[in-house]
Amino acid sequence: MTDHEHSEAIGVAAQWLSKTSRDRLGQPIIPLLRERFGLTIAEACEVCREANLRRQRAA
């Protein structure tokens, strides 16, 4: 995976997570992000951070 693909995957996952209700997730988020988007643990944590920032900006 190139750096561009890496950044894009994180961006797509963060967008999805920021728009998805936590009630609808139904399982722990890190394993879900890893499975759904093919991320590492560190990348999944970065997605959570980015999604939280996006939610805060939207509020």
Side-chain angles (χ1 to χ4, degrees):
M1 180 180 284
T2 66
D3 285 343
H4 174 71
E5 291 171 331
H6 164 81
S7 296
E8 187 173 332
I10 290 174
V12 168
Q15 179 68 21
W16 173 82
L17 183 57
S18 69
K19 301 291 184 186
T20 302
S21 167
R22 292 180 184 178
D23 295 335
R24 290 189 45 207
L25 295 174
Q27 70 182 76
I29 192 61
I30 298 298
L32 177 64
L33 290 170
R34 294 188 71 205
E35 181 181 314
R36 185 174 181 126
F37 296 99
L39 303 173
T40 65
I41 293 172
E43 291 167 338
C45 291
E46 186 175 342
V47 165
C48 291
R49 184 186 67 76
E50 180 64 30
N52 285 333
L53 289 173
R54 291 178 187 212
R55 284 188 195 113
Q56 289 174 352
R57 287 184 204 127

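All values derive from a computational prediction rather than experimental measurement.
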Side-chain polar contacts of residues 19-32 - donor-acceptor pairs under 3.5 angstrom, sequence neighbours left out - could you list them?
{"residue": "Thr20", "atom": "OG1", "partner": "Trp16", "partner atom": "O", "Å": "2.6"}
{"residue": "Ser21", "atom": "OG", "partner": "Asp23", "partner atom": "N", "Å": "3.2"}
{"residue": "Arg22", "atom": "NH2", "partner": "Asn52", "partner atom": "OD1", "Å": "3.0"}

message = To check you understand the geometry: which heavy-atom pair defines the closest contact between Ala51 and Ala14, and what is its length?
response = CB-O, 3.7 Å
request  = Specify the closest pair of heavy atoms between Ala13 and Leu33, including all atoms of both residues, with the distance to one decimal.
outcome  = CB-CD2, 4.4 Å
Any pair counted as ring-ring contact (aromatic ring centres under 6.0 Å, His included), so long as it reaches residues 38-59, sequence neighbours left out = none
message = Please tell me whether Leu53 and Val47 are part of a single hydrophobic cluster in this structure, the criterion being side-chain heavy atoms less than 4.5 Å apart.
response = no
task = Sorted by first residue and then second, give each ring-ring contact (aromatic ring centres under 6.0 Å, His included) pair with at least one member in residues 38-59; sequence neighbours left out.
result = none
inquiry  = Checking Arg54 now: which residues fulfil salt bridge (charged side-chain N to carboxylate O under 4.0 Å, His left out) with it, not counting sequence neighbours?
reply    = Glu50
task = Quick one: which residue pairs count as a side chain to side chain donor-acceptor pair (under 3.5 Å) with a foot in residues 28-40, not counting sequence neighbours?
result = Thr40-Glu43
